[in-house]
2 protein chains.
Amino acid sequence: MAAQKKGTGGKQPTINDVAALAGVSKKTVSRVINRSEFLTEKTRKAVEQAIETLGFVPNPQARALAFRRNFLIALLHDNPNAQTVLNFQQGVLDAIKDSDLALLVRPVDRGSDRMLDDVRTFLEKQRPIGALLLPPISENDDLAALCEDLGVRYVRVGSAPLDDAKHCVSSNDREVVAEAVRALIALGHRRIGFVRGPQGFRSAAEREKGFMEALAEAGLDLPAAYNAPGNYRYTAGIEAGEALLSLSLPPTAIFCSNDEMAAGVMSVAHAKCIDVPGALSIIGFDDSPTATHIWPALSTVRWPIREMGVRAAKTLVPDFLPLAGKVDESDSGVLNSTFIQRQSVSSPQR
Amino acid sequence: MAAQKKGTGGKQPTINDVAALAGVSKKTVSRVINRSEFLTEKTRKAVEQAIETLGFVPNPQARALAFRRNFLIALLHDNPNAQTVLNFQQGVLDAIKDSDLALLVRPVDRGSDRMLDDVRTFLEKQRPIGALLLPPISENDDLAALCEDLGVRYVRVGSAPLDDAKHCVSSNDREVVAEAVRALIALGHRRIGFVRGPQGFRSAAEREKGFMEALAEAGLDLPAAYNAPGNYRYTAGIEAGEALLSLSLPPTAIFCSNDEMAAGVMSVAHAKCIDVPGALSIIGFDDSPTATHIWPALSTVRWPIREMGVRAAKTLVPDFLPLAGKVDESDSGVLNSTFIQRQSVSSPQR
DNA sequence: ATCAATATTGACACCGGTTACCAAAATGAT
DNA sequence: ATCATTTTGGTAACCGGTGTCAATATTGAT
């Protein structure tokens, strides 16, 4: 029974009650709460005892007012993939579970020209300890500059290091995409198609680089007809599938820049009665729920998004706040993505 | 240019600055902020003018301290479907967009026996205006009782009215499931299988009732072999599919209690080379992203989750806070789900 | 014009912590 | 024992709003 059960109307004990019970001043209690070093072991014990007895919990609103800073972490996101956002949230929450912090969620509207003003107002009002920026909005330098300007700590999450490690958590997508494509090549694929992500997205660029790298290593090239545009949406996958699979010499494998588009390509394959993976291998990226809900199950790259949430939170939280397992300063902030091979891939059969 | 651009260090104006500029007391400014009715038009105008000039934004922390309540809405959820949670979040955010409120997210761990204590501590610390309870945790009466006890407003979201309209937003799932099943019957299906949701879940019970209703109306019954257990997971769909489709006289249509399980059944059909929808029609529930990412696209029931978020927020927020489009008191709090017919359904061909 | 009744406004304490600053106590050096 | 130095505790002010209740302005009736 950790918490004191209190009925309705049972008022929360305040710092004054604790001080009275411990026989010290409220300032001393405050020192204990904030882990000041100038305290006798005896005093500290007495105060901690009183806190325990009363079940005292410092009022965050009062602390926020005095500190001029709320004990909140803001999560700014505009990622359309719900699972990604939620997994990241979960990671953040894992990290701050036993702390005094809470998570404030704020989707931002990248399209809007008032975006920066909106975020500014939000940050000025809520005064969070810091902000976590999820891609693609994390790639916006103005936003990072805004945080700097407002004195709000921030961590950018991305597919590749964006900045110094203090402000960035990322994964090695390029390498792992290359690894996945190498796997296709090792299986004997020579005609490999590519479905791009949207222009101007760092994640899309990284995936493309990895793809090209692996192709180049094997001395293969990418015919223009095998290089289909995309925007991370299912419908773009359908269109790319229609285009690539109608060619007189279609690819035997297609790498799609995300799972949704891969699902689209697979739908087209089904509609055209093309056997997957017999006649066509497909790889996606994200390891979204979709990847395992389609048939055959999609080979994909798992982005360690939840771990990145943990890491991002630990990087964000300043040292003076207690948080289990602070991040090692020397850490580069790069986490590993992993290639997951499932049934959508085999050697080409012809 | 809505917000005043301020460089680093430019301090926020306070209520005192506004009072001084408008030549009134800070209390009067407070009255304007809180839309008190006892104010001359003249005073109000003067204060509003001063607020505008200074670009004053009331400090939420100070207000929270004085009000003894934070201007936050807490979202308590344990729904495994990320899209559902995020859509709901989006609805809530739509509703509170132009208000002073912000959204605090808090997943709860239904399994844990400390769950109630954790939530209690959370609510006592954060002191949100109110809490929104997403299913299935919304079905927990202890949680609602806890909110009552702590004086925290709450709204429960569910598949059927749980309580009085003041505390509940729901959808008419039962009716719409019945409608979907009637559609199958109208197409000529007589052997219709059912994949249940997990025991003890209100949503599962409602869907089952709707299914049974439609069957009963048509004078059909559900053989035990056609009634498969499930737990809303993809793997349960696989198991159910294996069971139902291995029968010597398999159903010509299967209603699954959610989309994930429907995707599982569809995978089995593909693996067994059973044509969907020719030899097997499948219906799911949720209209999750999966529904349109599998092939053929899944007929399903769309749960108006985002609208429910809007409604829930409007129901939750007390009258004294300004919020566009408050909910009509006389409203029952029931929103309409809709049956969406896609390619996974046709008349039975044999 | 006068007075009571009512509508507005303001003074001041308070929400529950923190910081600034000073005093008191403890410690060590001479 | 005395004095300088280091810890520790206390007081008051403050963070930026809101509640209470009395003071003042306005209105209508006489």
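FYI, side chains are in, hydrogens and waters are out, and symmetry mates aren't considered; it's all heavy atoms of this structure. In the text below, chain A, chain B and the rest are named by the order of the sequence lines, each starting its count at 1.
In this structure, B/Pro161 and B/Val334 have side chains that are in contact, with non-hydrogen atoms separated by less than 4.5 Å. Side-chain contact between B/Val310 and B/Val92: absent, with no pair of heavy atoms (C-beta onward) separated by less than 4.5 Å. The side-chain heavy atoms of B/Leu133 and B/Val157, taken from C-beta on, include no pair separated by under 4.5 Å. In this structure the side chain of B/Gln89 reaches within 4.5 angstrom of the side chain of B/Leu103, judged on heavy atoms.
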- Task: Report the C-alpha distance between B/Asn34 and B/Arg63 in whole Å, list the side-chain angles of each, state the deciding distance to 0.1 Å, and finish with yes or no for side-chain hydrogen bond (donor to acceptor under 3.5 Å, both in side chains).
- Result: CA-CA 11 Å; B/Asn34 294 293; B/Arg63 295 228 284 168; 2.9 Å; yes

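When the C1' atom of D/dG16 is taken as reference, atom CD of A/Gln61 falls 14 Å away, rounded to whole Å. The CZ-P distance, from A/Arg127 to D/dC15, rounds to 12 Å in whole Å. Atom-to-atom, CG of B/Asn70 to P of D/dG16 comes out at 17 Å; the value is rounded to the nearest Å. We find that CZ of B/Arg68 is positioned 13 Å from C1' of D/dG17, with the value rounded to whole Å. Regarding A/Leu65, its CG atom lies at a distance of 9 Å from the P atom of D/dG17, rounded to whole Å. If you measure from atom CZ of B/Arg69 to atom P of C/dG16, you get 12 Å, rounded to the nearest angstrom.
Taking a cutoff of 4.0 Å between a charged side-chain nitrogen and a carboxylate oxygen, A/Asp141 and A/Arg156 qualify as a salt bridge. A/Lys125 has a carboxylate O that lies under 4.0 Å from a charged side-chain N of B/Asp100, or vice versa, which qualifies the two as a salt bridge.
In this structure, the salt bridge (charged side-chain N to carboxylate O under 4.0 Å, His left out) partners of B/Lys45, at least two apart in sequence or on a different chain, are B/Glu41. Under the side-chain hydrogen bond (donor to acceptor under 3.5 Å, both in side chains) criterion, B/Ser171 pairs with B/Asp173, B/Trp303, sequence neighbours left out. Not counting sequence neighbours, A/Thr14 has no partner by the side-chain hydrogen bond (donor to acceptor under 3.5 Å, both in side chains) test.
Considering A/Arg311, A/Arg306, A/Lys314 in turn, A/Arg306 is the only one that fulfils the salt bridge (charged side-chain N to carboxylate O under 4.0 Å, His left out) rule with A/Asp94.
Contact annotation: B/Ser25 side-chain N/O to C/dG10 OP1/OP2 distance is under 4.0 Å.
Rounded to 10°, the helix from C/dA1-D/dT30 to C/dT30-D/dA1 has 40° between the axis fitted to its first five pairs and the one fitted to its last five.
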- Letter per nucleotide, 5' to 3', of nucleotides 17-23 of chain C [B base touched, S only sugar-phosphate touched, - untouched; heavy atoms, 4.0 Å]: BBB----

Considering only nitrogen or oxygen atoms on both sides, find all protein atoms under 3.5 Å from nucleotides 4-8 of chain C and state each distance.
from: C/dT8; atom 1: O3'; to: B/Thr40; atom 2: OG1; distance (Å): 3.0

